[in-house]
Every structure is written in C-alpha cells, then in structure tokens.
Amino acid sequence: MTLPLLLLLLGSRAQADVPTILIHADQPGHPISRDLFGVFFEEINHAGDGGLNPELVRNFNFHEPLRDNQMPGWTVIGNGTAGAVLTGIGEMDIERTAPGDQLAGASNAGYWGIPVSAGARYRYNVTCKSATGAPIVLRLIDSSGKDCGSANLTPSGAISDVKGVIKATATDHAAHLEIGLVKAGKVGIKGVSLQPVDTWKGHGLRNDLAGLVDGLHPAFVRFPGGCYVEGGDYLADRFKWDTTLVDPVQRPGHRNATWGYWSSDGLGYHEYLQWCEDMHADALFVVNCGFSHKETVPTDKLDEYLVNAMYAIEYALGPADSRLGAIRAQRGHAAPFPLKYVEVGNENG
C-alpha cells in the first residue's frame with residue numbers, strides 16, 4: 001500500500017468517527033424563563049460618561065479634581081494680554097481687559113473629540129453670571145479650525161441657566177467647543193453642557209447606544225456596576241446614588257478608581273431607572289454592602305448602608321406623597337419605577 005493511499009484511508013476513518021449532533025429546534029424541551037436574560041451595565045471605558053450619557057463636554061461642571069494645577073478637559077485659549085481664565089473646582093472665571101478679534105476663554109474637546117452632524121441640533125446650558133454684562137460667545141469648531149455653529153449668550157448678574165440650541169453646519173467627529181469673551185468684561189461659569197436635542201425616547205440617553213441595548217430585549221438591567229459599586233480599593237470612591245438626585249451641574253461626581261477616570265454621575269440613579277422603564281425591563285439595583293477591595297465595614301456600623309439601600313427602594317417604589325417618592329415626583333415621575341430586584345453587594349461571598 002502506497003503512502004498517499006494509507007493517508008486517504010486514515011482520513012476517511014477519522015471523518016467516520018466524528019459524532020453528529022442533531023438539534024430539533026421545533027421540539028423544545030424544558031422552558032427557560034425570559035427573566036433569566038438581561039444586561040449588566042457598568043461604568044467601564046466611558047460606557048456612561050462619553051457613552052450612554054449624551055453629554056458632549058468633558059468635566060462640564062468643573063468638579064473633576066485639578067491635575068498639575070490644570071482643569072481636566074479644558075484648555076485656555078486667547079491672547080494672554082487680552083484675557084485671563086482662572087479655574088478652580090466648581091467654577092471657571094473668564095476675565096478680559098480689552099476687546100479683540102480673538103476669543104479669550106477656554107476650549108473643550110469632549111471625549112476624544114466632540115462628534116457633530118450637519119443639520120443636527122445641540123442643546124446648550126451655561127450656568128453663569130456676569131456683573132459687567134459681558135456677552136459670552138459659545139461656538140463649535142471643526143477639526144480644520146472652522147466655525148460650525150455658534151451662539152451669543154447674555155448672562156445676568158446672578159447665577160442662572162442660559163439655554164439655547166446650536167445647529168451644526170458641518171459633520172465632524174473631532175470638533176471642539178469654545179467659550180469666552182470678545183469684549184472686555186468678566187464672567188463666572190459654573191457649568192457648560194452640550195447635548196444632542198434628539199435623545200433616545202426623549203429621556204436624555206444617546207440614541208444609537210441605548211437603541212442597541214434595547215434591541216437585545218433584556219428582561220432586566222443590572223446597574224450601576226460591579227467594582228464600580230464598591231469603589232475599587234476604597235469605599236470613599238463608591239457610587240453614591242443619593243448624590244445624583246440633584247441637577248447634573250450640582251452633582252459632585254466621584255473618582256472611578258477601578259477603571260482610572262472621573263465619573264461625572266451625569267448618568268445617575270433616576271436616569272438608570274428611567275432607562276429600565278423605557279426598555280420595559282426590570283431594574284436590578286446593586287447596593288454596596290460595606291465592602292470595597294481593601295475595606296470592610298464592621299457589622300455594628302452597617303446601619304448606614306442598610307438605611308441607604310432602603311431609601312433607594314423608597315425613591316423608586318414609594319408613593320408620590322412619601323418623602324423620597326415626592327422627590328421622584330418633583331422630577332416628573334409620579335408613578336413608581338420598575339425596580340424589581342436589589343442585589344446586596346457585588347459578587348461578594
């Protein structure tokens with residue numbers, strides 16, 4: 001027997017020994033509950049900030065801690081002799097001593113560039129004040145340096161929200177936002193928000209990403225994460241749901257220690273619950289049980305964590321005349337949210 005014939009016979013025998021699996025898709029066996037199929041969301045790799053949360057401005061409320069005495073996300077622009085930008089935690093002050101053609105202020109490139117589409121509208125909200133009445137210029141600049149949408153704002157003498165809409169005139173995935181003065185004056189700014197007018201079901205999530213998750217038809221959504229709930233090594237960095245019930249510009253945010261960046265908490269507890277309701281999915285809220293990677297709360301000190309979890313349940317499910325249900329109702333949601341499960345701790349034990 002020649003070698004090629006021997007190899008052919010061995011190959012035929014090997015193929016004959018391969019087992020066959022026959023699936024009768026029209027004859028299902030044991031039923032599987034739909035409740036077992038859901039999604040798990042966690043703030044990892046900017047899945048929330050810069051992702052599901054449509055806020056286009058990084059560090060929009062200036063709460064991210066300074067790095068090398070610089071405000072993260074923001075770059076000073078303009079002639080140094082004509083204007084100055086003084087920045088600190090929670091506020092940006094822009095002062096211009098003389099008028100000029102060049103904008104004196106700051107720019108923000110968002111998360112790896114601000115994506116804009118020609119004809120799309122973007123809602124801005126600048127929380128600011130100006131004792132001098134100096135008008136504020138807000139403009140989108142594309143990657144070639146051209147203006148692709150702008151607005152002139154007139155702040156009052158007291159802190160207030162100046163809102164409006166900018167319509168983009170170009171499509172660019174790496175635009176940036178500039179804010180500042182062309183006339184002499186001084187303004188104090190507490191927040192600069194820019195979001196697309198068109199959001200998923202009108203409730204402030206990114207259309208594309210929220211729609212893709214909805215397409216999975218999840219029965220439940222587990223949020224706000226795993227190690228994110230614990231705070232990584234230290235409990236001080238854990239997600240604190242109750243600090244997210246205020247206006248986004250007032251939310252303190254927190255260090256996302258496990259994944260190495262700052263979380264603005266623009267995607268807060270109420271927004272998570274609304275997302276679940278809009279997908280007709282049950283909410284599965286993960287509460288911290290007194291654990292982080294390096295810290296454990298003594299049993300006799302756990303009351304704070306237990307009460308905090310109970311308050312979270314009351315916010316979601318309490319009647320509109322309860323203490324926390326009333327706060328939910330004030331935010332435009334009198335009916336309870338679909339909170340069905342509470343997970344105690346992240347994969348602990």
Side-chain angles (χ1 to χ4, degrees), residues 49 55-111 113-114 116 122-166 168 174-195 246-253 262 264 266:
D49 277 0
E55 178 59 62
L56 296 173
V57 178
R58 179 189 166 189
N59 193 16
F60 73 97
N61 61 4
F62 317 127
H63 284 165
E64 186 171 347
L66 300 181
R67 297 181 183 178
D68 299 324
N69 208 33
Q70 298 295 318
M71 183 177 284
W74 293 91
T75 303
V76 175
I77 57 172
N79 190 331
T81 61
V85 178
L86 309 175
T87 61
I89 297 297
E91 185 166 7
M92 174 190 292
D93 294 327
I94 303 176
E95 184 175 7
R96 183 160 194 148
T97 57
D101 295 331
Q102 191 176 21
L103 194 69
S107 70
N108 189 293
Y111 301 89
I114 294 177
V116 294
Y122 300 88
R123 182 180 291 110
Y124 63 81
N125 182 8
V126 179
T127 306
C128 57
K129 66 177 179 179
S130 173
T132 63
I136 299 174
V137 176
L138 189 70
R139 63 190 186 189
L140 285 165
I141 305 296
D142 67 18
S143 53
S144 69
K146 295 180 180 178
D147 187 324
C148 60
S150 62
N152 294 319
L153 289 59
T154 304
S156 66
I159 283 286
S160 59
D161 291 333
V162 182
K163 301 179 180 181
V165 172
I166 293 176
H176 66 271
L177 183 72
E178 295 183 351
I179 185 168
L181 306 175
V182 292
K183 295 182 178 180
K186 183 178 180 179
V187 296
I189 303 173
K190 291 285 189 180
V192 181
S193 173
L194 184 72
Q195 300 187 17
V246 295
D247 187 89
V249 76
Q250 298 173 343
R251 298 178 190 181
W262 185 260
S264 73

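When reading the values below, keep in mind they use all heavy atoms of this one structure, side chains included, and skip hydrogens, waters and symmetry mates. Each residue takes its place number in the sequence, starting with 1.
Proximity of a side-chain donor or acceptor of Trp74 to a complementary backbone N or O of Phe62 within less than 3.5 Å is not detected.
Here Leu153 contributes atom CG and Asp161 contributes atom CG; the two are 11.0 Å apart, rounded to the nearest 0.5 Å. Note that CD1 of Ile114 and NE2 of His176 are 8.5 Å apart. Values are rounded to the nearest 0.5 Å. Taking OH of Tyr122 as the start and CG of Leu138 as the end, the distance is 14.0 Å to the nearest 0.5 Å. Interatomic distance, Thr132 OG1 to Glu95 CD, rounded to the nearest 0.5 Å: 9.0 Å. The distance from atom CG of Asn59 to atom CE of Met92, rounded to the nearest 0.5 Å, is 8.0 Å. If you take CG on Asp93 and NZ on Lys190, they are separated by 8.5 Å, rounding to the nearest 0.5 Å.
A heavy-atom distance below 4.5 Å is found between the side chains of Val162 and Cys128. Side-chain contact between Val246 and Arg251 is present, with at least one heavy-atom pair separated by less than 4.5 Å. Inter-residue side-chain proximity for Lys186 and Ile94 is flagged as unmet; no heavy-atom pair is nearer than 4.5 Å. Contact annotation: the side chain of Arg58 approaches that of Pro72 to within less than 4.5 Å [non-hydrogen atoms, C-beta and beyond]. Side-chain contact between Leu181 and Val137 is absent, with no heavy atoms from C-beta onward closer than 4.5 Å. Taking the side chain as every heavy atom from C-beta outward, Asn61 and Gln250 never approach each other to under 4.5 Å. Asn108 places none of its side-chain heavy atoms less than 4.5 Å from the side chain of Val192.
With respect to Leu140, the side chain to side chain contact (heavy atoms under 4.5 Å, CB included) criterion is satisfied by exactly one of Leu56, Leu194, Asp147: Leu194.
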task = Show your working on side-chain contact (heavy atoms from CB on, under 4.5 Å) between Ser193 and Glu55 and close with a plain yes or no.
result = CA-CA 7 Å; Ser193 173; Glu55 178 59 62; 2.6 Å; yes
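Residues Glu178 and Ile141 come closest through the heavy atom pair CD-CG1, 3.7 Å. Here the closest non-hydrogen pair linking Gly185 and Ala134 is CA-CB, 3.8 Å. Listed here is the closest heavy atom pair of Ile189 and Ile179: CD1-CD1, 3.7 Å. Scanning both residues, Asp142 and Cys148, for their nearest heavy atoms gives N-SG, 3.8 Å. In terms of heavy-atom proximity, Gly188 sits nearest to Ile159 at O-CD1, 4.4 Å. Looking at every heavy atom in both residues, Ser130 comes nearest to Gly133 through OG-N, 3.0 Å.
Applying the salt bridge (charged side-chain N to carboxylate O under 4.0 Å, His left out) test to pairs two or more places apart or on separate chains, none has a residue in residues 123-132. Residues in residues 65-74 take part in these salt bridge (charged side-chain N to carboxylate O under 4.0 Å, His left out) pairs, two or more places apart or across chains: Glu64-Arg67.
For Thr154, the side chain to side chain donor-acceptor pair (under 3.5 Å) test picks out no residue, with sequence neighbours left out.
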